[in-house]
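The structure appears right after this line, and notes come after that.
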Amino acid sequence: MILYPAIDLKDGQAVRLLRGDMDKSTVFNDDPATQAMEFVEAGCEWLHLVDLNGAFAGEPVNAAAVEAILDRCKVPAQLGGGIRDMATIERWLDKGLQRVILGTIAVENPDLVREAAKAFPGHVAVGIDARNGRVATKGWAEETDVMVTDLARSFEDAGVAAIIYTDINRDGAMQGPNVEATADLARAVSIPVIASGGVSSLDDLIALRDCGAGLNGAISGRALYDGALDLAEALAVLRA
């Protein structure tokens with residue numbers, strides 16, 4: 001199981017939000033590229049990047065910060081937030097991004113996800129963010145009546161590389177991930193599932209790894225910044 005350190009970008013800074021609330025952000029680093037290098041030097045295999053402003057704006061906003069990370073860090077990175085058309089997808093992949101994460105557009109224009117996954121095999125993931133089992137879009141600001149499992153299953157034959165599943169109520173709250181819901185989703189689809197939201201300790205990672213659902217990975221942010229989770233130690237445990 002791969003551990004993805006998260007760098008959430010707001011106004012050019014690396015921040016963490018509490019349960020997706022843009023008004024409840026904590027700045028952890030004014031230089032996201034330097035933060036990314038710290039994660040790389042600790043041994044991470046991937047980086048997980050989110051353009052928070054872009055998720056609300058519907059277009060990339062923190063492009064300069066993302067490009068600085070891609071220039072300095074030679075591990076693969078995935079990015080979500082504000083990626084809602086083929087031109088933006090192609091532009092990011094051309095800049096060296098390994099994987100784009102399509103969230104809002106997966107609900108509003110699923111055909112675009114299918115088109116992108118076909119055009120760029122292995123480079124398109126679907127981000128499913130949910131409260132109480134229902135999908136939220138536009139930077140988690142709008143809730144839908146779409147159920148998580150229904151949306152995930154609709155992409156079974158699309159060729160997407162992964163599903164990143166975030167339990168919004170757990171995100172940034174340091175209360176542990178929703179292991180049961182994440183495992184249920186992973187069992188319901190053949191697409192690799194990456195867990196996100198609430199991973200705050202080594203025990204959380206072990207619980208996800210050992211849940212029996214074959215999760216592909218887990219994302220952690222605040223716990224790494226706060227020191228509740230040591231990245232090098234966590235990587236060593238997951239590789240053991």
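A continuous path of Ile, Leu, Val, Met, Phe, Trp and Tyr side chains, each step under 4.5 Å between heavy atoms, connects L3 with I7, placing both in one hydrophobic cluster. Hydrophobic clustering of Ile, Leu, Val, Met, Phe, Trp and Tyr side chains at less than 4.5 Å, counting indirect connections, keeps I163 apart from I2. In terms of hydrophobic clustering, with Ile, Leu, Val, Met, Phe, Trp and Tyr side chains grouped at heavy-atom distances under 4.5 Å, M86 and V126 are assigned to a common cluster. Hydrophobic clustering (side-chain heavy atoms under 4.5 Å, transitive across Ile, Leu, Val, Met, Phe, Trp, Tyr) keeps F56 apart from L9. Both V199 and V148 are part of a single hydrophobic cluster, where members link through side-chain heavy atoms under 4.5 Å apart.
A218 approaches I194 most closely through the heavy-atom pair N-CG2, 4.0 Å. Of all non-hydrogen atoms in W46 and P5, the two that sit nearest each other are O-CD, 3.2 Å. Pairing each heavy atom of I191 with each of A152, the nearest pair is CD1-O, 3.9 Å. Summarising the geometry of V237 relative to R209, their closest heavy-atom pair is O-NH1, 3.4 Å, with the distance given to 0.1 Å. In terms of heavy-atom proximity, A36 sits nearest to L47 at CB-CD1, 3.9 Å. When all heavy atoms of T182 and A195 are compared, the pair lying nearest together is CG2-CB, 3.7 Å.
Separation of atoms CG (L208) and CG (N178) is listed at 9.5 Å; rounding is to 0.5 Å. Rounding to the nearest 0.5 Å places CG of L151 at 9.5 Å from CG of L185. To the nearest 0.5 Å, atom CG of residue L112 and atom CG of residue L102 are 6.5 Å apart. Note: R16 CZ to L224 CG = 9.0 Å, rounded to the nearest 0.5 Å. The CE atom of M1 sits 6.5 Å away from atom CG of L215, with the distance rounded to the nearest 0.5 Å. The CD atom of E233 sits 5.0 Å away from atom CG of L202, with the distance rounded to the nearest 0.5 Å.
Counting heavy atoms from C-beta on, the side chains of I83 and I101 never come closer than 4.5 Å. The shortest side-chain heavy-atom distance between R222 and T26 falls under the 4.5 Å cut-off. Side-chain contact between R134 and D145 is present, with heavy atoms from C-beta onward closer than 4.5 Å. The shortest distance between side-chain heavy atoms of L229 and L205 falls below 4.5 Å.
Applying the side-chain hydrogen bond (donor to acceptor under 3.5 Å, both in side chains) definition to pairs two or more places apart or across chains, those involving residues 148-166 are R114-D157, D129-T166, E156-S190, T166-S196. For residues 215-240, every residue pair satisfying the ring-ring contact (aromatic ring centres under 6.0 Å, His included) rule, not counting sequence neighbours, is listed here: F28-Y225, F39-Y225.
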Exercise for the section: Could you check V15 against V27 for side-chain contact (heavy atoms from CB on, under 4.5 Å), going step by step and ending with a plain yes or no? Expected result: CA-CA 4 Å; V15 309; V27 177; 3.9 Å; yes

Exercise for the section: Show your working on salt bridge (Lys or Arg N to Asp or Glu O under 4.0 Å) between D184 and R187 and close with a plain yes or no. Expected result: CA-CA 5 Å; D184 286 346; R187 292 188 187 99; 3.6 Å; yes

Practice task
Show your reasoning for whether side-chain contact (heavy atoms from CB on, under 4.5 Å) applies to K95 and L79.
Solution key: CA-CA 12 Å; K95 288 181 180 294; L79 170 71; over 6 Å; no

Problem - Evaluation steps, side-chain contact (heavy atoms from CB on, under 4.5 Å), between K24 and L17 - result: CA-CA 6 Å; K24 295 179 180 177; L17 305 184; over 6 Å; no

Practice task
Apply the test side-chain contact (heavy atoms from CB on, under 4.5 Å) to residues W92 and V66: give CA-CA distance (whole Å), side-chain angles for both, the deciding distance (0.1 Å), then the verdict.
Solution key: CA-CA 10 Å; W92 275 126; V66 175; 3.5 Å; yes

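Every residue two or more places apart in sequence or in another chain was checked for a side-chain contact (heavy atoms from CB on, under 4.5 Å) with K118, and none qualifies. Partners of N62 according to the side chain to side chain donor-acceptor pair (under 3.5 Å) rule, which considers only residues two or more places apart in sequence or in another chain, are D51, N53. Listed by chain and number, the residues in a salt bridge (Lys or Arg N to Asp or Glu O under 4.0 Å) with R72 amount to none (sequence neighbours excluded). Taking the side-chain contact (heavy atoms from CB on, under 4.5 Å) definition, one finds that A161 meets it with R99, sequence neighbours left out.
Here the side chain of S200 pairs no donor or acceptor atom with the backbone of A223 at under 3.5 angstrom. Checking side-chain atoms of R170 against main-chain N and O of G197 turns up no donor-acceptor pair under 3.5 Å.
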